[in-house]
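For reference, the structure is listed below as structure tokens.
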Amino acid sequence: MGSMKILLISFIYVKIFTLIFAYDLQHTDVVLLGGTGDLAKKYLWQGFFYLFQKYSNENSTFSFTAIGRTVYEEGNTKLREILTGNVKCGKENNEACEEKKSEFISLVKYSHLKTEDEYKTFCQNFSKKEKSTRNGHIFYLSLPPSAYVSTLKTLSKYCYRNDDQIWTRFVLEKPFGRDLESAQQQANTIAEFVRESDLFRIDHYLGKPVVKQILSFRKSNKQTLEPLLNRQYVDRIEIIMKETIGVKDRTEFYNQVGVIRDVMQNHLSELLALVTMELPRNLSNSKELEEQRTRLLIKVRPVRESGILTGQYSKYLEEAIGANGNLNQSKYTPTFAAALLRIENSRWTGVPLILMSGKMLDERSSYIRILFRERVFCVTGCTDRNSTHMQYPRQLIFQIGHGDVPSPGILVSKSLFKPVWSPGVTELSITSKDSLIHGQRPGDFHYAVSKDKHEAYESLIEDIYLGRKESFVTLERLLLLWKIWSPVLKSIETSVKRIYKEGADHSLNFRIDNDHLVFISDSQFDIPELENSIVHDVKQIISPTDMQMVPSMFMGENLVCKDLIFLFHSLAERIKNSAEMAVQNRNVFHLALSGGNSPVPLFQILAEDSDFPWSMTHIWQVDERCVSKKSDKSNFLSIYQNLIHHIKIPFFNIHFMPVDINGRICEESDKGDNQYEDAVKYILDDLKFDMILLGLGTDGHTASLFPGEKYSRFLSENKLVAYTKSNDQSHRMSLLLPLINKAREVIVLVTGKSKHGILQKLSEITSNNSELPITFVKPTDGNLTWYIDYGAWIG
Ligand SMILES: *[C@@H]1O[C@H](CO)[C@@H](O)[C@H](O)[C@H]1NC(C)=O
Ligand SMILES: *[C@@H]1O[C@H](CO)[C@@H](O)[C@H](O)[C@H]1NC(C)=O
Ligand SMILES: *[C@@H]1O[C@H](CO)[C@@H](O)[C@H](O)[C@H]1NC(C)=O
Ligand SMILES: *[C@@H]1O[C@H](CO)[C@@H](O)[C@H](O)[C@H]1NC(C)=O
Ligand SMILES: *[C@@H]1O[C@H](CO)[C@@H](O)[C@H](O)[C@H]1NC(C)=O
Ligand SMILES: *[C@@H]1O[C@H](CO)[C@@H](O)[C@H](O)[C@H]1NC(C)=O
Ligand SMILES: *[C@@H]1O[C@H](CO)[C@@H](O)[C@H](O)[C@H]1NC(C)=O
């Protein structure tokens, strides 16, 4: 009887004890699916160790399971290797940490789960454990996205508890769909098994230490900074992620995403929201934070095709071949993109936001840079670098990774304001004599670094554990982000990507032009390294002879007929006069040059003329052969060797025809003709070249318009540049007649005895003749002048 009583009392006691203390006890089961994969190896186990180190104690216990695709023996061995090799104690390599690490490693188990039944027993097993405590279940799906739906379905069936005592969190990694539609679809399917509140979508950028400081920095400087963060004071915002590495053997994956899906739709756009959203009154209130964030994203206009530039580093296709990638797809995969975004709200309307990212660029750096307008006009003391007013640019930079700073942090131009540093950062001074940081001397900045130095994944795993939803991507936000990018992704799917050289390729430089982004240079090629070509001494060629018999008209147009050398000098003079007139009237001279051998002496004469207004001249090509840019048949090479190489002309004034795109010669699908046409349209708003220099073939062809091709092609008003075929079926690119005939001046240069026959033939016909393309050259507003030498004239 007595022992019964004791038993009863002790039972009640135990019951009361559990009731009182159950709430303080928590056991968390972490299940990492894909636990031996790359991400797990590189970051996730370290993240979970950090969690374990920080939160495990007598009241808070953990167990960890790695789920892998390989059988137990093999998978477990691999897991042990990862844990011992990759989980680190950090600098303070103290004994306590090492002890904790051994404890952690011993807690991590490997499981090979394939069938639904195996998942079933597995989940029954762990939900039985630690009955009297509160339980947390974290399922981290470090899996290919194609496996998300089926895995979540299984997990939800066997492992999802609807119970106050148990919380369950499912963690997913990007990509979340390929576009708005697929993201929505995926979300709808997942929503059938998992509550949105239990889904944690990772964007690891949101876990970067400096990113975590953005809002608190804004808050700490509310008084000085917030009044400046708007269209009145901000000139532009740049959100940049530059990488020096390439895609390597991951082309198969990368072909599916490209740089825009990989980092711009998510990381960079998230950063955009953080710097431009209205500041929530209470930063710890995730609901308010999310509200402000979505309110901003709703106002971001979808990126337009004219607002985006894309490129691909020149070795990408080679890498794709090496990785047996789908070349057809690789060809269109952007590894570089720059986009112009606009926010349509009262705060930001009109402020350009540039998002840019690329692989194989000149430096590794990611940052948000807010450039403020200069509103002070200096009158005296302007050269004094110490003057606080005149230190331009005035900028606020969140350096998120790498770059030229000693450590990621926040930089504020001293001329802007003196920041109040938030508790999460420590002020540092940077001094460096010769290097500039974002265009300013290091000493011109106030600078602070984040106190928290943890890897993004460490802090995100902590946030999952604590249920801090604000560090994750909500469905609403995800769809808003896709709305910004989805249309443009579709429209550039098979657009030609500008090929760039690995490292510092200036041809990627671009500018904002109204609502467009344009590359500063039209050429996507590096100028070939060429030796100085020998300039023939043209002045030694024959002296003039009798000119009396030459008329001043040919085919109803002006004619200049001279001995060869005088002809060239006279033509050179004409070109220079036209250039000077054009520069005087319009500040620019657009000259289109033919290739071939005939004009070479002319180029050489022009090359020697140091008074020619080259800096105001744009050089275009009339036509080009479909050959490598280094082939000696290349028209450009001839123009380059004989002219461009010897003159001072801005690189971006040279417009050569894109026939060789990363070794792909005149591939129709590259649309090099459209590219060139676009350049013409863009730069010549009235489509009028000031001067076009044509040649004449013995068969009556001019430019690369050959007899026998369909004439409608050459004459069609809505096409200005096209691929054509010569008589011997070799391929060319050429300006077409509608464009040629718009020119202010057209010169037809005809030299050499071999041309006598065709001139004779032309003199005998009275009208245009589809067998003789030259007869269609009839400038509508401008004039045409024949430059014919005696050799061709007399025969
Ligand atoms: C564990 O819980 C007990 C009882 O509430 C408390 O006294 C103790 O401080 C807790 N230990 C830790 C490490 O929080
Ligand atoms: C379930 O637990 C039992 C006993 O602890 C263990 O032998 C078994 O391997 C576990 N099953 C799974 C699928 O983890
Ligand atoms: C801010 O929000 C958090 C979370 O909702 C709340 O606990 C806290 O009291 C709020 N602070 C203020 C000052 O309102
Ligand atoms: C290559 O891609 C284009 C555009 O995506 C497509 O139309 C074509 O069928 C593809 N060709 C092959 C061989 O896959
Ligand atoms: C500018 O400031 C530096 C140090 O703050 C000082 O050494 C230098 O003399 C100043 N220059 C001028 C022109 O005042
Ligand atoms: C061809 O010649 C005919 C008759 O002279 C003329 O009407 C027509 O406009 C010409 N076509 C072109 C494209 O020059
Ligand atoms: C041809 O046109 C140009 C530009 O309009 C003009 O400067 C030039 O004098 C004209 N030449 C002839 C020969 O008509």
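Only this structure's heavy atoms are used, side chains among them; waters, hydrogens and symmetry mates stay out. Note that the coordinates shown come from a computational prediction; the quantities given were computed from them, not determined experimentally.
In this structure, R498 forms no cation-pi arrangement with F336, as its terminal cationic atom is not both closer than 6.0 Å to the ring centre and no more than 45° off the ring axis.
A salt bridge is defined here as a Lys NZ or Arg NE, NH1 or NH2 lying under 4.0 Å from an Asp or Glu carboxylate O, and K755 with D789 fails to meet this definition. A salt bridge does not link K778 to E557: none of the charged nitrogens lies less than 4.0 Å from a carboxylate oxygen. A salt bridge links K719 with D673: the distance from a Lys NZ or Arg NE/NH1/NH2 to an Asp or Glu carboxylate oxygen falls below 4.0 Å. Salt bridge R342/E344: absent, no basic N to carboxylate O contact under 4.0 Å. The residues R744 and D686 are annotated as salt-bridged, a charged nitrogen and a carboxylate oxygen being separated by less than 4.0 angstrom. Taking 4.0 Å as the cut-off between side-chain N and carboxylate O, D699 and K761 do not count as a salt-bridged pair.
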side-chain hydrogen bond (donor to acceptor under 3.5 Å, both in side chains) assessment of K331 paired with S669: CA-CA 10 Å; K331 199 163 97 177; S669 59; 2.7 Å; yes
(message) Between Y500 and T335, is the side-chain hydrogen bond (donor to acceptor under 3.5 Å, both in side chains) condition met? List the steps.
(response) CA-CA 10 Å; Y500 60 94; T335 62; 2.8 Å; yes
Where do T785 and R574 land on the side-chain hydrogen bond (donor to acceptor under 3.5 Å, both in side chains) test, with the steps shown first?
CA-CA 11 Å; T785 309; R574 163 90 178 257; 3.2 Å; yes
List the steps, then state whether side-chain hydrogen bond (donor to acceptor under 3.5 Å, both in side chains) holds for S314 with E502. CA-CA 7 Å; S314 74; E502 291 72 10; 3.0 Å; yes
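Annotation: F656 is not in aromatic contact with W620 [ring centroid separation under 6.0 Å not met]. Aromatic ring centres of W614 and F589: separated by at least 6.0 Å.
In this structure, Y640 and H645 have tilted ring planes: the angle between them lies in the 30° to 60° band. H590 and F689 have perpendicular rings, their planes meeting at more than 60° on a 0 to 90° scale where under 30° would count as parallel.
The number of heavy atoms from other shown groups lying within 6.0 Å of CG (N585) is above 12.
With sequence neighbours left out, K576 forms a side-chain contact (heavy atoms from CB on, under 4.5 Å) with E580, D609, D611, F612. Partners of Y316 under the ring-ring contact (aromatic ring centres under 6.0 Å, His included) rule, at least two apart in sequence or in another chain, are Y313.
Among all heavy-atom pairs drawn from A743 and V746, the shortest one is CB-CG2, 3.9 Å. Of all non-hydrogen atoms in N255 and S330, the two that sit nearest each other are ND2-OG, 2.8 Å.
Within the model, atoms OG of S704 and NZ of K725 stand 13.5 Å from one another, a figure rounded to the nearest 0.5 Å. Between atom CG of residue D660 and atom CD1 of residue I665 there is a gap of 4.0 Å, rounded to the nearest 0.5 Å. Between the OG atom in S754 and the CD1 atom in I758 there is a gap of 11.0 Å [rounded to 0.5 Å]. Put simply, CG on L606 and CG on L643 are 6.0 Å apart, with the number rounded to the nearest 0.5 Å. Within the model, atoms OG of S495 and CD of Q675 stand 9.5 Å from one another, a figure rounded to the nearest 0.5 Å.
In this structure the side chain of D690 reaches within 4.5 angstrom of the side chain of R586, judged on heavy atoms. Using a 4.5 Å heavy-atom cutoff, the side chains of I260 and I308 are in contact.
Considering D623, T702, L593 as possible partners of L694, the one that fulfils the side chain to side chain contact (heavy atoms under 4.5 Å, CB included) test is T702.
A donor atom on one side chain and an acceptor atom on the other are not found under 3.5 Å apart for N783 and N558.
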